[in-house]
Amino acid sequence: MAQALLGKRLVRLLDGQRLAGTIVETEAYCDAAEPDLACHGTRNRGRPTARTQIMFGPAGHAYIYFTYGMHWMTNIITGRDGQANGVLLRALEPVEGAAVMAQHRTDRPRREWTNGPGKLSQALAIDKTLNGAYLYRPDSVLWVEDATPIPPDVIRRGPRIGLGQTPEPWFSIPWRYWIEGNTFVSR
DNA sequence: ATGTTGATTGGCT
DNA sequence: GCCAATCAACATT
């Protein structure tokens, strides 16, 4: 799913206006086979907590969490109900709603509006009020749309970012996906 | 109850 | 490249 989401469009409806961007970088968390020690769902001995219960729920919901005292992270839950699987959205290429994104990202150049997980959440005004939201409700304010498919040969993969002292093999497993050459990829 | 850390960012050297 | 910001979640006592 992390790979399949590349090239699709994330749409945020805010005050009746569409803010949207092409998904150009993602990361996968957790695996049905064995626990992923970098995944929030494996904390608390693999049992759900107040924060992670959304991860354990059915696919198609948003998992939005707060970190470093200031940043919101946007994830899409995947996999079967009961499994803590999700995809972190790490970067978008802005497509619709430029003026509002620029406003949310105060005086920063376009290139820095959405080239990171905290940045894209801020640009699209995604915070805890969207945690648990089901993306495919008719009245949803956040969803994914199909867009022009990207050619498979531009997809690159590598280790996930910011895992700290997560042990191997999880530290190096190549579950980060991005579109080669896209200027909005975070690094 | 207390201590540590973090799926990051932005400013400074 | 280094590090402070800033606080909720989680682990430990």
Side-chain angles (χ1 to χ4, degrees), chain A residues 1-6 10 21 23-32 34-57 59 61-79 83-94 101-133 135 142 144 156-179 182-187:
Chain A
M1 277 303 299
Q3 198 168 159
L5 283 166
L6 293 177
L10 182 71
I23 298 170
V24 298
E25 181 184 353
T26 61
E27 281 178 358
Y29 283 86
C30 287
D31 187 359
E34 8 177 2
D36 169 8
L37 293 191
C39 177
H40 290 168
T42 63
R43 312 271 183 88
N44 191 37
R45 298 177 309 245
R47 310 302 304 172
T49 67
R51 177 173 66 158
T52 63
Q53 57 172 328
I54 299 300
M55 284 204 88
F56 286 86
H61 290 256
Y63 168 48
I64 314 293
Y65 72 90
F66 188 61
T67 192
Y68 289 103
M70 58 184 86
H71 303 298
W72 294 99
M73 300 285 135
T74 302
N75 299 257
I76 295 175
I77 296 310
T78 61
Q83 291 177 343
N85 294 1
V87 175
L88 171 69
L89 303 183
R90 286 195 57 91
L92 308 175
E93 175 170 345
M101 288 193 210
Q103 194 175 356
H104 292 164
R105 295 286 301 142
T106 56
D107 295 326
R108 307 210 168 270
R110 176 176 136 91
R111 187 192 178 107
E112 295 176 17
W113 290 350
T114 53
N115 65 334
K119 298 176 193 179
L120 73 87
S121 299
Q122 184 176 39
L124 300 196
I126 295 171
D127 62 18
K128 64 181 176 189
T129 62
L130 290 176
N131 187 39
L135 304 186
L142 183 70
V144 174
R156 292 291 176 273
R157 63 144 86 192
R160 295 170 291 182
I161 304 284
L163 265 43
Q165 6 78 1
T166 300
E168 296 288 2
W170 309 113
F171 186 80
S172 300
I173 195 167
W175 283 354
R176 169 180 176 239
Y177 297 87
W178 68 93
I179 296 178
N182 188 283
T183 57
F184 293 89
V185 170
S186 66
R187 61 177 83 172

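Convention: sequence-line order gives letters A, B, ...; per-chain numbering from 1.
- Using a 4.0 Å heavy-atom criterion, one finds that Asn75(A) contacts the bases of the nucleic acid, with or without backbone contacts as well.
- Put simply, CD1 on Ile161(A) is 11 Å from C1' on dT8(B), counting in whole angstrom units.
- With DNA chain B read from its 5' end, the first of the two nearest nucleotides for Ala38(A) and Glu112(A) is the one closest to Ala38(A).
- Separating the CZ atom of Arg47(A) from the C1' atom of dA9(C) is a distance of 18 Å, rounded to the nearest angstrom.
- Contact of the Trp170(A) side chain with the Arg160(A) side chain is registered, since non-hydrogen atoms from C-beta on lie closer than 4.5 Å.
- For the pair Lys119(A) NZ and dT8(B) C1', the computed distance is 9 Å after rounding to whole Å.
- Residue contacts for Gln165(A): at a heavy-atom cut-off of 4.0 Å it reaches the sugar-phosphate backbone alone, with no base atom in range.
- Computed from coordinates, the Glu27(A) CD to dT8(B) C1' distance equals 12 Å when rounded to whole Å.
- Note: OH (Tyr65(A)) to P (dG6(B)) measures 12 Å, nearest angstrom.
- Within the shown strands, nothing qualifies as a pairing partner of dT6(C) under the Watson-Crick or G-U definition with both distances less than 3.5 Å.
- Annotation: dT6(C) and dT2(B) have their P atoms spaced 23 Å apart (nearest Å).
- Contact annotation for Arg45(A): no contact, since no heavy-atom pair falls under 4.0 Å across all strands.
- Taking every side-chain heavy atom of Met70(A) into account, dA5(C) is the closest of dA5(C), dG10(B), dT8(B).
- Looking only at side-chain heavy atoms (C-beta outward), Pro94(A) and Arg110(A) come within less than 4.5 Å of each other.
- OP1 and OP2 of dA11(C) both lie 4.0 Å or more from every side-chain N or O belonging to Arg43(A).
- Using a 4.0 Å heavy-atom cutoff across all strands shown, Thr52(A) reaches sugar-phosphate atoms only and no base atom.
- Contact of the Arg51(A) side chain with the Arg43(A) side chain is registered, since non-hydrogen atoms from C-beta on lie closer than 4.5 Å.
- Which of dA11(C), dA5(C), dT9(B) sits closest to the side chain of Tyr68(A) comes down to dA5(C).
- With Trp113(A) contributing its side chain and Arg108(A) its backbone, the two residues share a donor-acceptor pair below 3.5 Å.
- Here the C1' atom of nucleotide dT5(B) and the NE2 atom of His71(A) are 15 Å apart, to the nearest Å.
- Scanning both residues, Leu88(A) and Thr74(A), for their nearest heavy atoms gives CD1-O, 3.5 Å.
- At the heavy-atom level, Gly164(A) lies nowhere under 4.0 Å from the strands shown.
- Across all strands shown, dA7(B) remains unpaired; no Watson-Crick or G-U wobble contact has both distances below 3.5 Å.
- When all heavy atoms of Ser186(A) and Arg90(A) are compared, the closest pair comes out as OG-NH2, 3.2 Å.
- Residue contacts for Arg160(A): at a heavy-atom cut-off of 4.0 Å it reaches no nucleic acid atom on any strand shown.
- Looking at heavy-atom distances under 4.0 Å, Thr49(A) makes contact with sugar-phosphate atoms alone, never a base.
- When the P atom of dT8(B) is taken as reference, atom CZ of Arg105(A) falls 14 Å away, rounded to whole Å.
- In this structure, Phe66(A) atom CZ and dA5(C) atom C1' are separated by 11 Å, rounded to whole Å.
- Residue Arg51(A) places at least one side-chain N or O closer than 4.0 Å to OP1 or OP2 of dC10(C).
- A donor-acceptor contact under 3.5 Å links the side chain of His40(A) to the base of dA7(B).
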